[in-house]
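Notes follow once the structure below has been shown.
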Number of protein chains: 2
Amino acid sequence: MAEGGSGSPGGESLLFLTDEQLRQGIEAMFFAYRGFTADPDRILAEHAYGRAHHRAIHFINRSPGTTVNNLLNILGVTKQSLNRVLRALIGDGLVESRVGTRDKRERHLYLTEAGDALEAELSIAQRARMRAAYRLAGPEAVRGFRTVLESMMDPEMRNRFHALKDAAP
Amino acid sequence: MAEGGSGSPGGESLLFLTDEQLRQGIEAMFFAYRGFTADPDRILAEHAYGRAHHRAIHFINRSPGTTVNNLLNILGVTKQSLNRVLRALIGDGLVESRVGTRDKRERHLYLTEAGDALEAELSIAQRARMRAAYRLAGPEAVRGFRTVLESMMDPEMRNRFHALKDAAP
DNA sequence: CTTGGAATGTCAACAAGGCTGACATAAAGT
DNA sequence: ACTTTATGTCAGCCTTGTTGACATTCCAAG
């Protein structure tokens with residue numbers, strides 16, 4: 001209506017940009033995300049945790065020693081929200097919080113052995129779903145998948161995503 | 001660890017199935033979904049609604065006259081949760097609920113003019129983000145994107161997704 | 001050395017949107 | 001006619017997000 005995405009396509013094949021195609025993409029994102037979180041959600045429920053705990057555990061595992069503030073920016077929640085989750089994880093002995101040596105205001109976060117175990121349980125399940133989808137779709141499709149997802153991110157999030165990627169061995 | 005996704009790849013190029021690649025895909029999904037919902041979230045906040053309202057509005061628009069139970073299955077929430085959202089939308093005059101003629105137990109849901117207006121506002125914003133991402137990535141990547149997302153869905157959700165697709169003109 | 005600002009943590013209150021349980025009503029089956 | 005099933009509603013609880021206020025601790029600038 002406003003942008004005329006469903007108008008007559010130009011000379012090239014722009015049929016993949018019609019409103020109907022876009023709507024299907026939107027719905028695909030919705031349904032796929034449900035599948036994406038389904039397996040971890042089941043595991044988390046057994047441990048009386050939620051997605052918020054999963055996210056914290058994931059990114060602490062990804063960047064051991066990360067500060068609370070860094071985690072805050074990655075997760076995009078308030079410190080009060082994150083603090084509630086971290087308190088639970090620290091209290092349950094899954095996460096260790098060490099006062100910074102250089103800057104003692106900072107708390108550096110690490111997974112304990114128990115935290116590592118839960119992280120492994122969660123990520124193995126989530127990777128299994130991902131691996132099955134990747135295998136079924138093939139490498140070509142996976143490249144496209146990654147390309148579109150990156151284009152969909154806010155620029156700031158894209159930077160964080162790349163920073164994480166590049167930090168990996 | 002458990003499935004050995006990072007072991008030596010087979011004869012073909014299976015490097016896209018390494019744990020590291022899968023982890024990057026997982027993180028890409030997380031960050032992309034944030035972008036995916038960001039624009040609607042902003043609009044919804046102005047109207048004092050949330051994502052739950054958006055989802056209901058989207059699928060009522062997609063299948064006018066759908067029953068509450070059908071919507072329930074698509075959204076994957078309890079009827080009590082959905083009811084709270086529907087009551088608000090009906091009370092605010094965005095959705096109309098008509099008692100079924102054949103089976104009077106059913107309520108058939110329709111968007112009013114006002115509901116249509118909000119739906120348009122939301123979906124225009126969301127499609128704009130999607131369109132930009134699609135255009136940047138190109139048709140080939142979009143095909144891959146769609147393929148991987150479909151493979152990631154639970155089978156039941158994949159069926160619902162296809163049913164919606166095929167119902168479209 | 002003092003002070004301002006930044007990083008962290010805590011407490012309290014509140015809202016959105018999940019959930020379960022209890023229940024009313026209409027339709028369908030026996 | 002009575003029971004069962006399907007559907008929708010209401011009430012209450014929980015997680016996880018939000019703001020606001022405030023204490024603490026420390027670095028760094030004046």
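Residues Glu20(A) and Arg62(B) are paired through a salt bridge, judged by an N-O separation under 4.0 Å between the basic side chain and the carboxylate. With respect to the salt-bridge test (charged N to carboxylate O, under 4.0 angstrom), the residues Arg127(B) and Asp19(A) qualify. Salt bridge present: Arg129(A) and Asp154(B) bring a charged side-chain N and a carboxylate O closer than 4.0 Å.
In this structure, the CZ atom of Arg42(A) is 18 Å from the P atom of dG18(C), given to the nearest Å. Spacing between atom CG of Leu44(A) and atom C1' of dC14(D) amounts to 16 Å, rounded to whole angstrom units. Between Leu89(B) atom CG and dG17(C) atom P the separation is 10 Å, expressed in whole Å. As rounded to whole Å, 10 Å separates atom C1' of dA11(D) from atom CZ of Arg87(B). Spacing between atom CD1 of Ile57(B) and atom C1' of dG17(C) amounts to 15 Å, rounded to whole angstrom units. What separates OH of Tyr49(B) from P of dT18(D) is a distance of 22 Å, to the nearest Å. One atom, CG of Leu82(A), and another, C1' of dA7(C), lie 13 Å apart when rounded to the nearest Å. Summarising the geometry, the separation between NZ on Lys79(A) and C1' on dT10(C) is reported as 9 Å, rounded to the nearest angstrom.
Looking at the side chain of Asn69(B), the nearest of the listed nucleotides dG8(D), dT10(C), dG17(D) is dG8(D). The side chain of Arg84(A) lies closest to dT16(D), out of dT8(C), dT16(D), dC10(D). Listed nucleotides: dT16(D), dG18(C), dT8(C). Nearest to the side chain of Val77(B): dG18(C). Distances were taken from every side-chain heavy atom of Ser81(B) (C-beta onward) to each of dC10(D), dG18(C), dT10(C); the shortest belongs to dG18(C). When distances are taken from the side chain of Ser97(A) to each of dG9(C), dG20(D), dG18(C), the shortest belongs to dG9(C). Of the candidates dG8(D), dT10(C), dG17(D), dG8(D) carries the atom nearest the Asn83(B) side chain, counting heavy atoms from C-beta on.
Looking at heavy atoms from C-beta onward, Phe31(B) lies in side-chain contact with Ile74(A) at the 4.5 angstrom threshold.
Side-chain to base pairing of Gln80(A) with dG20(D): one donor and one acceptor N or O lie within less than 3.5 Å of each other. Under 3.5 Å, the side chain of Arg107(B) and the base of dG8(D) form no donor-acceptor pair of N or O atoms.
His53(A) comes within 4.0 angstrom of sugar-phosphate atoms only, judged by non-hydrogen atoms across all strands, and of no base. Among the heavy atoms of the strands lying under 4.0 Å from Thr67(A) are primed sugar atoms or P, OP1, OP2 only; no base atom is included. Within the nucleic acid shown, Glu106(B) comes within 4.0 Å of sugar-phosphate atoms alone, with no base atom in reach, counting heavy atoms only.
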Let's go through Lys165(B) and Glu27(A) carefully: what are the C-alpha distance in whole Å and the side-chain angles of both, what is the deciding distance for side-chain contact (heavy atoms from CB on, under 4.5 Å) to 0.1 Å, and is it a yes or a no? CA-CA 9 Å; Lys165(B) 246 182 34 182; Glu27(A) 286 168 357; 5.8 Å; no
Could you walk me through whether Arg160(A) and Glu156(A) pass the salt bridge (charged side-chain N to carboxylate O under 4.0 Å, His left out) check? CA-CA 6 Å; Arg160(A) 293 191 186 287; Glu156(A) 196 188 328; 3.4 Å; yes
For the pair Ile60(B) and Ile57(B), evaluate side-chain contact (heavy atoms from CB on, under 4.5 Å) and give the outcome as yes or no after the intermediate values. CA-CA 5 Å; Ile60(B) 292 172; Ile57(B) 288 173; 5.9 Å; no
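Under 4.0 angstrom from either OP1 or OP2 of dG18(C) there lies no side-chain N or O belonging to Thr78(B).
When the nearest nucleotides of DNA chain D are assigned to Val99(A) and Arg51(A) by heavy-atom distance, the more 5′-ward of the two goes with Arg51(A).
No donor-acceptor pair under 3.5 Å is formed between the side chain of Glu106(B) and the backbone N or O of Val68(B).
Within residues 33-41 of chain A, no residue approaches DNA chain C, by heavy-atom distance under 4.0 Å.
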